[in-house]
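First up is the structure itself, then whatever we jot down about it.
Just so we're clear, the structure is a prediction, and the values are computed from it rather than from any experiment. Counting begins at 1 with the first residue of the sequence.
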Amino acid sequence: MAQKNQSIVVGWDEWVSLPEMGLFAIKAKVDTGARTSALHAVNIEPYDKDGVTRVRFVVHPLPDRPEVEIKCDAQVVDVRDITSSNGESEERFIIRTHFSIAGQEWPVEMSLANREDMQYRMLIGRSTMSGRMIIDPDRSMLCGELSPNIYDQVNVRSEGEKKLRIAILSREPENYSTARLVDAAVNRGHSVDVINTTRCYMNITSKKPDIHYQGMSLPEYDAIIPRIGASITFYGMAIVRQFEMMGVYTLNTAEAIGCSRDKLFAHQLLARAGIGMPVTGFAHSPSDIRDMLQSVGKAPLVLKLLEGTQGRGVVLAETQKAAESVIQAFRGLKANILVQEFIAESKGADIRCIVIGNKVVAAMKRQAEEGEFRSNLHQGGSASKVRITAEERTAAVKAAKSLGLRFAGVDLLRSNDGPKVLEVNSSPGLEGVETVTGKNIAGQVIEHIERSLQRAPSRR
């Protein structure tokens, strides 16, 4: 181990190693402006082991070779708000591992952050350098180079890794999202069946729970991906719940799907978690409607059917009187309706964030067409790539987590006092966001299932 008085002269960038992580060659930038060192990490997933919080993550150590990925695991020593060079603050996991340079090695703390778009996969901060390194800012690579060819011996997925049997619950096998998930699973060596949810049936009193389909008992699956349409939520949840009773891993549980589909309950859960939302009201008695509207705020107001999807059942009431009339009309049809404040400063745009596990993996901005306030693509809205803030990223992850969703589409509005969560979707479509961002979201869904099953106890 290095002694504190053995200072190493380094340039403004150097090749270093993190041997405990299996990162034997990674090019790092020396950054005296950062207190804590930072390591590039994606697919960050915390978990508990023997009462200790640990974190699993993936590192792409070579910017020009994205196919090289190293799976890492470390104990979490802290969670901190870290401010990046662009001024954005982000909550990050802090780990401790051994840092090696110029033949010397010592333990350091570093934060985990997605640096996919950065030239350097690691920053060396002041806490790592303190008392051990002296910087010559005019020179580069004073400690020699490490060959990236060392990763040629690393298989991204070992040949012995278990192939999975996956079922996708969907009534639309030709749907873009379903087809992409099938392709992604097959490309990673798994077998996939697309099953029409409404054609499944079961004997719920059987001592050995199973599910029948087209006259036969379904085979034993490792995982299912529910793509449950809103019109069959109740029956779809029952099928997902039966798979859960059989010990099958479900990407989203029946309970989480139910929470997201019940818009009123979802808003209550989001509020309990302290997540920013537009001011929202709900009343049953016609005599209470006027007071409820006043509690939400001044017109215009947004009125939403609890059972509506894809922007349908959403009305903008320009006046208080119009809002009262619409609510009374819907109540006459025995329909339940939410009332929300209208966020004028969003200018007809919202942000759709795709959350997988504990991370926002993609985001797009949806803009309503002229004269329309609903930004849904199904309502004629347009989509574009967007860079979200750390606050928006945190809100999206927290919203999905509060409903128990492992895979979700979280819709946000940009308001004058921060992001406001509009809705959390348990079966987000992939076509728009993959087209706009160019990211392989379907592949990341399958990778999440693989990682989840690697750490799950075997049921066989």
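Scanning all heavy atoms of the two residues, the minimum distance from M237 to I257 falls at CG-CG2, 4.2 Å. Of all heavy-atom pairs spanning V59 and C72, the tightest one is CG2-SG, 4.0 Å. When all heavy atoms are compared, the tightest approach of P278 to L422 is CG-CD2, 3.9 Å. Taking both residues in full, the closest heavy atoms of L403 and C259 are given as O-CB, 4.1 Å, listed atom of the first, atom of the second, then distance. The heavy-atom pair separating H448 from G357 by the smallest distance is CE1-CA, 3.6 Å. The two residues A395 and V421 make their nearest non-hydrogen contact at O-CG2, 4.5 Å.
A salt bridge links R366 with D411: at least one charged nitrogen is closer than 4.0 Å to a carboxylate oxygen. Ion pairing of E14 with K29 is absent here, as no side-chain N (NZ or NE/NH1/NH2) approaches a carboxylate O to less than 4.0 Å. The pair E392-R414 counts as a salt bridge, with a side-chain nitrogen and a carboxylate oxygen less than 4.0 angstrom apart. Using a 4.0 Å cut-off between a side-chain N of Lys or Arg and a carboxylate O of Asp or Glu, E109 and R96 qualify as a salt bridge.
For the atom pair K163 NZ and D222 CG, the distance stands at 12.5 Å (nearest 0.5 Å). Separating the CE atom in M277 from the CD atom in E423 is a distance of 12.5 Å, to the nearest 0.5 Å. Rounding to the nearest 0.5 Å places OH of Y221 at 13.0 Å from CG of L164. The CG atom of D78 sits 11.0 Å away from atom OG1 of T53, with the distance rounded to the nearest 0.5 Å. Distance check: L181 CG to L430 CG gives 5.5 Å after rounding to the nearest 0.5 Å. Distance check: L270 CG to F265 CZ gives 10.5 Å after rounding to the nearest 0.5 Å.
Residues I441 and V433 form a side-chain contact, since some pair of their non-hydrogen atoms from C-beta on lies under 4.5 Å apart. Taking the side chain as every heavy atom from C-beta outward, I168 and R227 approach each other to under 4.5 Å. Side-chain contact between L405 and V355 is absent, with no heavy-atom pair separated by less than 4.5 Å. Residues C353 and I388 meet the side-chain proximity criterion, which asks for heavy atoms closer than 4.5 Å. For the pair I8/I134, no side-chain contact is recorded, criterion being any heavy-atom separation below 4.5 Å from C-beta on. Here the side chains of F234 and I228 are not in contact, with every heavy-atom distance at 4.5 Å or above. Between L169 and F243, some side-chain heavy-atom pair lies under the 4.5 Å cut-off. Between D136 and W12, the closest side-chain pair of non-hydrogen atoms is not below 4.5 Å.
Using the six-membered ring where Trp is involved, F99 and W106 have ring planes that are tilted, between 30° and 60° apart.
Residue-environment remark: CZ (R139) stays at or below the threshold of 12 foreign heavy atoms within 6.0 Å. The number of heavy-atom neighbours closer than 6.0 Å to CD of Q268, taken from other residues, nucleotides and ligands shown, is above 12. Under a cut-off of 6.0 angstrom, the local environment of CZ in R54 is crowded, with over 12 non-hydrogen atoms contributed by other residues, nucleotides or ligands. Within a 6.0 Å radius of NZ in K420, other residues, nucleotides and ligands contribute more than 12 heavy atoms.
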- Message: If you apply the rule side chain to side chain contact (heavy atoms under 4.5 Å, CB included), what do you find for D81 with E90, and how did you get there?
- Response: CA-CA 5 Å; D81 283 328; E90 180 182 26; over 6 Å; no
- Item | Test log, rule side chain to side chain donor-acceptor pair (under 3.5 Å), inputs R261 and T233 | CA-CA 8 Å; R261 290 290 164 80; T233 296; 2.8 Å; yes
- Query: What do the steps show when you test F407 against I225 for side chain to side chain contact (heavy atoms under 4.5 Å, CB included), and what is the final call?
  - Reply: CA-CA 10 Å; F407 174 47; I225 301 175; 5.7 Å; no
- Check the pair I446 / H190 against side chain to side chain contact (heavy atoms under 4.5 Å, CB included), numbers first and verdict last. CA-CA 9 Å; I446 303 303; H190 308 304; 3.8 Å; yes
- Task: Apply side chain to side chain contact (heavy atoms under 4.5 Å, CB included) to L146 and S17, showing your working.
- Result: CA-CA 9 Å; L146 299 174; S17 297; 3.4 Å; yes
- Task: In sequence, state the C-alpha distance, the side-chain angles, and the governing distance for E91 and R80, and then conclude on salt bridge (Lys or Arg N to Asp or Glu O under 4.0 Å).
- Result: CA-CA 5 Å; E91 190 176 74; R80 299 177 195 156; over 6 Å; no
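Each of K359, R56, R451, K401 was checked for a salt bridge (charged side-chain N to carboxylate O under 4.0 Å, His left out) with E45, and the lone residue meeting it is R451. E434 pairs in a salt bridge (charged side-chain N to carboxylate O under 4.0 Å, His left out) with only one of the listed residues (R180, R352, K385), which is R180. Each of I82, I94, I44 was checked for a side-chain contact (heavy atoms from CB on, under 4.5 Å) with L112, and the lone residue meeting it is I44.
A donor-acceptor contact closer than 3.5 angstrom is absent between the side chains of R35 and S127. Looking at R92 and S111, their side chains do bring a donor and an acceptor atom within 3.5 Å of each other. For the residue pair S426/N252, the side-chain donor-acceptor check at 3.5 Å is not satisfied. D73 and Y47 form a side-chain donor-acceptor contact under 3.5 Å, judged by distance and modelled atom types alone.
Without hydrogens or angle criteria, D262 side chain to G258 main chain gives no donor-acceptor distance under 3.5 Å. Panel note: side chain E244, backbone A254; a donor-acceptor pair is recorded below 3.5 Å. Side chain of S37 to main chain of G125: a donor-acceptor pair is present (N/O by atom type, distance under 3.5 Å, no hydrogens or angles). Under the 3.5 Å distance criterion, the side-chain polar atoms of R121 are matched with a main-chain donor or acceptor of H60. Side-chain atoms of R126 come within 3.5 Å of backbone atoms of T32 as a donor-acceptor pair (strictly under, hydrogens ignored). For S147 (side chain) and N149 (main-chain N/O), a donor-acceptor pair under 3.5 Å exists by modelled atom type. No side-chain donor-acceptor contact under 3.5 Å links T128 to the backbone of I124.
For the pair R115 and Y120, the cation-pi criterion (under 6.0 Å, within 45° of the ring axis) is not fulfilled.
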